[in-house]
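Computed from a predicted model, the values in this text were never measured in an experiment. The figures that follow rest on heavy atoms only: side chains count, while hydrogens, waters and symmetry mates do not. In what follows, chains are A, B, ... by sequence order, proteins preceding strands, each numbered from 1.
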Amino acid sequence: MDDALFEYALRMGDTTLVLSHRLSEWTGHGPVLEEELALSNVSLDLLGQARMWLTLAGDIEGRGRDEDKLAYLRDAPQYRNYLLVEQDNGHYGDTMARQFLFDTWHYFLLEKLSASTDERVAAIAAKGLKEVAYHARRSADLIVRLGDGTDDSHARMQAALEGAWRFAGELFHDDAVTRQLAGQGIVPLHAELAPHWENHVRGVIEEATLSLPPVQESRHPAYAGGIAGRHTEALGYLLAEMQFLQRAYPGASW
Amino acid sequence: MDDALFEYALRMGDTTLVLSHRLSEWTGHGPVLEEELALSNVSLDLLGQARMWLTLAGDIEGRGRDEDKLAYLRDAPQYRNYLLVEQDNGHYGDTMARQFLFDTWHYFLLEKLSASTDERVAAIAAKGLKEVAYHARRSADLIVRLGDGTDDSHARMQAALEGAWRFAGELFHDDAVTRQLAGQGIVPLHAELAPHWENHVRGVIEEATLSLPPVQESRHPAYAGGIAGRHTEALGYLLAEMQFLQRAYPGASW
Amino acid sequence: SGPEQAFQQRVDDGVRIEPKDWMPQAYRKTLVRQISQHAHSEIVGMLPEGNWLTRAPTLKRKAILQAKIQDEAGHGLYLYSAAETLGVSREEMVDDLLSGKAKYSTIFNYPTLTWADIGMIGWLVDGSAIINQIPLCRCSYGPYARAMVRVCKEESFHQRQGYDLLIQMCRHGTPEQKAMCQDALNRWWWPSLMMFGPPDAASTNSAQSMQWRIKLFSNDELRQKMVDQSVPQAEYLGLTVPDPDLKWNEARGHYDFGEIDWDEFHAVIKGNGPCNRERLQARRDAHEAGAWVREAFSAHAAKQAARRKVA
Amino acid sequence: SGPEQAFQQRVDDGVRIEPKDWMPQAYRKTLVRQISQHAHSEIVGMLPEGNWLTRAPTLKRKAILQAKIQDEAGHGLYLYSAAETLGVSREEMVDDLLSGKAKYSTIFNYPTLTWADIGMIGWLVDGSAIINQIPLCRCSYGPYARAMVRVCKEESFHQRQGYDLLIQMCRHGTPEQKAMCQDALNRWWWPSLMMFGPPDAASTNSAQSMQWRIKLFSNDELRQKMVDQSVPQAEYLGLTVPDPDLKWNEARGHYDFGEIDWDEFHAVIKGNGPCNRERLQARRDAHEAGAWVREAFSAHAAKQAARRKVA
């Protein structure tokens with residue numbers, strides 16, 4: 001079994017799954033119907049991608065764990081998502097700030113992954129890239145409209161951006177897994193995504209009349225660890241809810 | 001096995017357990033430290049009572065289910081608590097309105113149960129009665145202080161009272177279980193508690209300068225069903241959180 | 001009067017009424033009420049299903065449920081648009097919902113207590129909705145009829161998915177799962193039949209609506225259709241319909257069924273269903289919490305417009 | 001100066017300083033900072049433990065945890081009272097906490113990620129706290145010393161309960177449970193050692209505090225005590241202390257241990273620990289959400305007082 005690729009597929013699968021789940025919590029509670037539909041669409045896209053990544057992880061592992069076993073029967077310390085995506089939704093601006101930082105990274109990452117030397121990875125990434133291009137356009141547009149809206153919305157977005165910002169650094173963290181896979185041409189070094197990301201983020205933030213927080217504020221070691229299974233207190237509650245039926249009715253099929 | 005007494009012990013156990021759980025959610029988030037301590041005390045008393053009732057239920061059933069198996073391994077439709085106690089905490093006034101209506105009932109009920117012809121029931125009730133006398137005094141006092149406080153607190157308490165009120169009727173509902181047990185002198189008919197409860201509640205509400213909602217507003221059939229396992233949407237989330245570890249690590253001992 | 005007669009003649013001839021056409025005030029008002037109520041039902045209806053979205057038992061079921069709820073939001077949008085063609089704004093309609101002035105289907109005031117309820121909503125609630133709505137694809141008002149065509153297509157899909165979920169639980173599941181379905185059927189059966197409205201004898205505005213062809217069958221006719229369609233489906237699932245009076249009537253060629261508890265129906269309409277408060281509160285909370293977002297959108301759009309003018 | 005010398009003489013003679021006694025301004029200020037910081041730690045410390053209260057795995061464990069957190073709220077109360085004897089109000093202290101001006105123990109900025117963390121807090125965090133606090137039962141300021149006596153008694157009880165929880169998981173539990181404990185130890189070990197503060201060489205105010213007898217041992221002495229006490233306990237649990245440099249030093253009669261990551265310590269102090277934001281936000285939210293309650297209490301008390309006057 002290819003341990004590094006298994007780990008990487010879990011990271012991607014868990015990250016998209018957890019973010020999809022967070023977005024789905026908005027269902028029925030959004031600020032405008034059109035927004036709610038769009039957000040639900042993003043959530044559904046991410047869920048579809050999560051299923052592909054988790055299925056790939058299960059295939060690589062070869063121990064019979066399918067997407068559901070991986071999603072529903074691992075506790076928080078076995079989850080490999082980035083910390084950014086597990087944070088509580090907060091208000092709509094908090095959700096969109098998180099989404100914007102994530103989508104931008106996701107886009108540049110999938111762009112690279114779609115040229116992966118591993119065909120399975122390339123295929124999942126290519127399919128996801130089309131969706132994510134839309135997600136990234138949409139969240140950038142929202143940052144601008146909310147940042148350059150009213151005084152109140154401006155202040156909320158600046159605070160939201162700072163709240164999410166500290167978790168952005170982890171997205172560019174390389175470790176043994178990414179280094180090994182990068183050596184094989186399967187994934188890019190994540191650090192190499194940072195300049196593109198910063199450049200795009202800076203442009204949108206400026207257009208939104210917001211201030212970019214200092215990059216070093218996204219590099220504190222305390223706000224990283226998700227991809228190694230060291231999460232924040234938010235994830236446990238999310239999983240307790242998400243996994244309830246599979247845990248309470250073991251072996252049932254649905 | 002005495003089915004009726006088993007059911008009744010579950011009702012009492014689940015009701016005190018669920019309310020204790022709700023109160024414990026305030027931990028670290030109360031409006032004043034002294035209040036938080038007092039509320040935590042009530043929560044702990046109710047938890048102690050829940051353990052006794054559930055242990056009794058398990059003994060009566062005789063199938064080896066102890067307090068933990070009963071608390072952690074039943075899903076919502078198997079829970080038998082009154083709907084009142086599973087409602088979300090809301091703000092502090094909502095919590096106290098729920099608590100006041102409950103404590104008053106609980107006091108009059110335990111007073112009767114402590115004279116039960118079943119010694120086990122009488123013993124649990126007698127022990128609980130001392131605690132609940134304090135709970136009831138305290139929550140009445142809070143209703144008065146919050147009701148007859150500021151204009152804002154008065155308005156909040158009136159709304160809180162109306163929100164909780166609709167679930168009060170179920171506390172006085174008799175069915176085959178209570179009728180059979182009442183016939184044996186084990187429990188009172190719950191309907192017989194209503195005049196005492198209404199009298200006391202009315203006095204406190206008046207002192208709190210609040211208006212008593214019409215009694216018929218607590219009698220809609222839609223707001224009853226918990227003791228038959230028909231709950232509100234709130235309970236499932238509570239149980240998913242509470243039961244997580246027992247569900248995720250079956251057979252582990254803690 | 002002349003225009004009223006001409007209008008009725010066009011309706012009778014099966015000509016579609018379009019937004020710019022002359023129409024009686026009462027026709028317009030009735031349609032606004034009916035279409036906005038329908039739109040509100042789609043929106044409020046997202047809540048009981050959304051309640052299980054974060055707890056769906058498999059990723060596939062989660063995806064299906066999310067897509068379904070998305071469709072409902074979409075239906076809400078078309079229907080609000082259809083109502084807007086009659087000269088009422090979405091904002092007014094939403095305000096009426098939030099103030100409690102406008103109604104939505106009573107069925108969404110029932111709670112979803114287990115995963116089986118998601119199946120029941122698909123099978124029975126969407127099932128009833130389709131029976132109600134299929135005739136409306138031929139109703140006299142063009143925008144409404146066209147919206148209904150699209151809605152009905154998607155609803156049938158949802159209904160099949162709901163029934164499929166129940167087949168899985170009832171025919172391939174554990175005894176616990178089947179019991180969960182039976183409990184859900186016990187709770188959803190009667191409210192689903194109430195969705196067709198009061199019995200014909202007590203139905204007040206039906207005659208006029210029928211004449212205008214914005215109602216094409218009577219409540220009781222549609223309800224009978226629902227019963228006839230659902231009973232064999234329940235049998236296939238191995239579930240018992242919670243109606244001791246239910247019996248095939250060979251002479252009528254229909255199922256006879258028991259008396260509906262209309263007190264319950266009226267209690268729910270008056271605000272005392274199990275979840276009336278929670279549903280309306282959820283919509284109000286969303287509206288209030290989203291106010292700053294809507295204000296920001298307007299402010300930004302105004303700035304953009306001003307910039308374009310300058311440029 | 002005269003009074004300062006007399007004060008120091010009393011301290012040196014082991015006479016307890018009481019609230020009404022004369023004391024140097026700097027002594028008062030240092031004590032207020034130290035005691036209020038301690039009180040804040042008790043209050044903020046309720047949050048990481050409260051995080052598992054609703055998910056405790058058995059009813060007995062839930063009761064133990066709830067009682068423990070209650071004790072901590074009680075400690076907060078005595079300690080605020082002890083600080084109030086120095087002429088500062090609880091309100092001022094709480095405002096300083098919420099504004100970020102006052103500190104609390106860095107340890108509570110770490111998250112509780114599994115149930116094993118509850119055991120680690122009892123064993124290691126309360127363990128460190130006790131080692132810090134036992135000498136303070138003999139400190140020069142009377143109200144503080146007396147508060148510490150009561151606090152220490154309860155903390156030892158908590159520490160035993162925490163260790164008992166870990167014995168259950170490590171020695172009687174499943175391999176999964178033991179792994180959970182090892183993971184928790186890996187995360188809590190170093191932060192627990194940081195609780196004693198910076199190394200003596202870098203510790204700024206220590207000399208003065210020692211002279212005043214409001215600090216009785218140096219940070220490094222206490223830290224060594226903690227290591228010496230905990231290593232055999234970890235061995236009994238079958239857990240590995242996450243320090244490759246840890247080794248018994250026969251000559252010193254103590255364990256040698258590795259270098260602490262002081263960068264991490266300083267980052268947490270400056271606000272960049274894993275949960276600084278969340279902890280402070282939780283306290284602020286509670287304070288804001290509770291404002292109407294506190295106002296109602298005051299208003300009611302004022303009304304009652306007015307009524308008594310009239311009567």
- Item | Tyr82(A): which of Tyr223(A), Trp105(A), Phe172(A) passes ring pair (Phe, Tyr, Trp, His ring centres under 6.0 Å) | Trp105(A)
- To the nearest 0.5 Å, what is the distance between CH2 (Trp123(D)) and OG (Ser192(D))? 8.5 Å
- Task: Give me the ring orientation class for His106(A) and Phe102(A): parallel if the planes are under 30° apart, tilted from 30 to 60°, perpendicular past 60°.
- Result: tilted
- Query: About how many Å separate CG of Asp117(D) and CG of Leu185(D), when rounded to the nearest 0.5 Å?
  - Reply: 10.5 Å
- Could you grab the distance from atom OG of Ser43(A) to atom CD of Glu36(A), nearest 0.5 Å is fine? 11.0 Å
- Residue Gln78(A) versus chain D: region with a heavy atom under 4.5 Å: neither
- Item | Heavy-atom contact with chain D under 4.5 Å, split by part of Pro77(A) | side chain
- Query: Pick from His231(A), Arg166(A), Glu233(A): which one has the most heavy-atom pairs with chain D under 4.5 Å?
  - Reply: Glu233(A)
- Non-hydrogen atoms of chain A under 4.5 Å away: do they reach the side chain of Glu278(D), the backbone, both or neither? side chain
- Residue Thr114(D) versus chain A: region with a heavy atom under 4.5 Å: side chain
